[in-house]
Novice: 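Handing you a structure now.
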2 protein chains.
Amino acid sequence: MSTENKNVTIIGAGLVGSLWSLFLAQKGHNVKMFEKRADLRSGRAEAGRSINLALSDRGWKALESVQIDKKVREIALPMKGRMMHDLDGTTTFQPYGMEGQAIWSVSRSQLNIELLNAAEEAGVEMEFEVKCLNVDSESGICSFEDREGKNFDVKSDFAFGTDGAYSAVRNSFYRKDRFNYQQMYLTHGYKELEIPPGDGGSFLIEPEYLHIWPRHEYMLIALPNFDGSFTCTLFFPFEGEPSFESIERTGVRDFFEKYFPDATKLMPDLEEVYNSNPTSSLVTVRCFPWVFDDTVCLLGDAAHAIVPFYGQGMNCGFEDCSILIKHLDESGGDWKKALQDFQLERKRDADAISELALNNFIEMRDKVADPVFLLQKKVEARIQEIYPEKWVPLYSRVTFSHNPYSEALEIGREQQELIDKIMSVRDIENIYQKDDFKDLLKFYLQD
Amino acid sequence: MSTENKNVTIIGAGLVGSLWSLFLAQKGHNVKMFEKRADLRSGRAEAGRSINLALSDRGWKALESVQIDKKVREIALPMKGRMMHDLDGTTTFQPYGMEGQAIWSVSRSQLNIELLNAAEEAGVEMEFEVKCLNVDSESGICSFEDREGKNFDVKSDFAFGTDGAYSAVRNSFYRKDRFNYQQMYLTHGYKELEIPPGDGGSFLIEPEYLHIWPRHEYMLIALPNFDGSFTCTLFFPFEGEPSFESIERTGVRDFFEKYFPDATKLMPDLEEVYNSNPTSSLVTVRCFPWVFDDTVCLLGDAAHAIVPFYGQGMNCGFEDCSILIKHLDESGGDWKKALQDFQLERKRDADAISELALNNFIEMRDKVADPVFLLQKKVEARIQEIYPEKWVPLYSRVTFSHNPYSEALEIGREQQELIDKIMSVRDIENIYQKDDFKDLLKFYLQD
């Protein structure tokens, strides 16, 4: 390695922070990582914000780079498509990609523990229950408060803010002149619920899918866990009819039995779990710059928190690490250049996935319950079958490729225009399966 | 008055704060106002952010409500239109409205002093050089630090944050769950310069206009002052070619002589003033809610800072006061309802003027130098002449009316579509002055 070893401070030992510490430690840098929460491995840690997450190709690629993918594969469950649940319990399957493609349900805390262990083995020093008070990009000094309330400073060559959507590092810069910043909340919030395992740790609904109960203005989803349980999440308006506010008045179980009857049967402790779990908000954060005085850099949610509807929050944060390490490798030790190149390349992709994630909420809660939309997905799958190289659907490009998100968004828009035209062809519901659909496609794709 | 008297804290004694304190004191409420800066009237005050401002009808209306308009009229200079200066010194006049309509150049500090004096006379208590540390909307306690560094608390029924674009009051709420917030900077900044008075306090360019040197990507403007001087403002990119960064390398006077030759002749101390005045940034702030726990409310720039290109920042803040007092009057003492109604009515109008102000930068620096745009303005003036009731141009609706900004934006868009059609009529440059233009108009306006 041609580059000099640096002293690096990482603030935030969540998924992105611990992965990034591992990347840097493996390159030989001296890394100290600080985390506000208790060590997850101590058993005393508070519950994370969401219990399980969907790992997809961008995330896997970063995990492969630090040779931790095999370990993680052992704690991950593949979900090969969406399983939609109607009001009457009828289910409809929609694959995420082609045969063999899947996204992977993984426990946030288990994944974080694997990353922390690997980082520690690679030489990363860690301190927990330490609160970041301020980061000064001019002096390179990060100020902390330890668990006894004592303040201390750490001076290093570079500092990274990987402390999430409510980043304290970013907060040090938010009043800085010409810092563009936006925090935007949805009128929907979410609450986590549970379908417990059946006898002997069996799954009570099919484990190989992401289950969705789409109800237009709101939805329930469920992801499988290794112990046979499912973590369910209700995405629901805060106010109005119905809403968290209204069903707490009119009865939670009544509401669930009416709108999610098949799921509710599998939730014996519904009210208890409902009342003990918090109702959380959904924020999108956009800001720029991410790099301050060439010494401090935001990564992951601290730079670009997104809503969870594309399953890309963690994957995007992990890809940040892949892309920044690429720039560091290419720069031959010029960190200033690498950090600048990183933020200039990555900002438009973060904005793109932010937009895609917001749009996908509508698709998941509303469109997947619409027969026309499902037909459109089938037509698109047929186009992909005919032109496997040429036609990669938007979802696949985001989830199963490493194309920049901004490119995916752009191509997705062009594809949508074409699909809209093809869907307006008379009798398309029968034509698309026939042989001469190829001729029609040739016309539209100007082959 | 049917309503109970309230104890009210106002944080920020700038233009909007001192006007709002006056409104409330005149209604009999007990008002205490706190300001971070020194008392402007002490003579020790630091320079305000901008030296003069344009008062228009919305501002005047609020000043009339508190019977201070006559005093202010004595310190204000009318500007009846734009005077554009070409590279070769040729000037072109474009009226702002109809005969008799004008916007008024007024000194920020003089206007503020008048408002502070009136507020004090009306019984408002004031403390200066007191920094707001925090506002707690649940307890109603505002925390301050005085000039000796001592902290103290003030408890009141209601608190108003009128402390500007970088509001400390708003800052108390920015990490609150579900608080939507955005700060967005232009890539242009500004610097204030001066054309000094001529002999015996005479004006060296015509005083009755807002002068503009539009140069496409940037511009210089000048507003008259009572002492015969003009305050000039250069709106200019921070980086690139040309920019603040580049001309400091290549020579300020050279640049000015090349691009603003007629103005530069009148600026003997250009370099000195250029070097001593700061280069400031231009921020747009949007947030919601403005009201917290029914006790704390943001007003003016603290709620909705906008860029200065429509001359509406102060006017919009003053109109906030008019509209909030209307809701307080109508609510019969129900402050909770009044504050809610205010923020729900006003948010869309603040968003509208925010957008209009951003758009007007392009108009001022670029379009006013375009003959087609000037012809369009003439055609529009002719339409207004034919249909004075029906056709109020966007600029007039914003500047010389009390229609909600959101309505102005909406109608402005519809009008622009019509104007675009009319401007594409063959030979329009000759037709619009003729009698049969009325028939053409009838067709387009579907009269």
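Labels below follow one simple rule: chain letters A, B, ... track the order of the sequence lines, proteins then strands, and each chain is numbered from 1. All heavy atoms count here, side chains included; hydrogens, waters and symmetry mates do not.
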Novice: Show, in sequence, the C-alpha distance, side-chain angles and deciding distance for B/His304 and B/Cys316, and conclude whether the side-chain contact (heavy atoms from CB on, under 4.5 Å) test is met.
Specialist: CA-CA 9 Å; B/His304 47 67; B/Cys316 175; 3.5 Å; yes

Novice: Out of A/Met184, A/Arg178, A/Gln183, which one racks up the most heavy-atom pairs below 4.5 Å with chain B?
Specialist: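 Of the candidates given, the most pairs with chain B belong to A/Arg178.
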
Novice: Of all residues at least two apart in sequence or in a different chain, which pass the side chain to side chain contact (heavy atoms under 4.5 Å, CB included) check with B/Ala13?
Specialist: B/Met33, B/Glu35, B/Leu116, B/Phe128

Novice: I need the contact set between residues 236-246 of chain B and chain A: heavy-atom distance under 4.5 Å, sorted by residue number.
Specialist: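 The residues closer than 4.5 Å to chain A, in numerical order, are B/Phe238, B/Glu239.
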
Novice: Considering only heavy atoms and a distance below 4.5 Å, find which of B/Thr284, B/Asn171, B/Val283, B/Leu282 pairs most often with chain A.
Specialist: B/Asn171

Novice: Indicate yes or no: at least one non-hydrogen side-chain atom of A/Val154 is less than 4.5 angstrom from one of A/Ile141.
Specialist: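 No, every pair of side-chain atoms sits at 4.5 Å or beyond.
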
Novice: Whether B/Asp320 and B/Arg346 form a salt bridge (side-chain N of Lys/Arg under 4.0 Å from carboxylate O of Asp/Glu) is what I want to check.
Specialist: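 Looking at B/Asp320 together with B/Arg346, the answer is yes, because their closest N to O distance falls below 4.0 Å.
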
Novice: In this structure, is the centre-to-centre distance between the rings of A/Phe179 and A/Phe292 below 6.0 Å?
Specialist: yes

Novice: Do any N or O atoms from the side chain of B/His188 and from the backbone of B/Phe361 form a donor-acceptor pair under 3.5 angstrom?
Specialist: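 Absent.
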
Novice: Given that the side chain runs from C-beta out, which part of A/Phe288 has a heavy atom under 4.5 Å from chain B: side chain, backbone, both or neither?
Specialist: neither

Novice: Out of A/Asn151, A/Asn134, A/Asp136, A/Asp153, which residue meets the side-chain hydrogen bond (donor to acceptor under 3.5 Å, both in side chains) rule with A/Ser143?
Specialist: A/Asp153

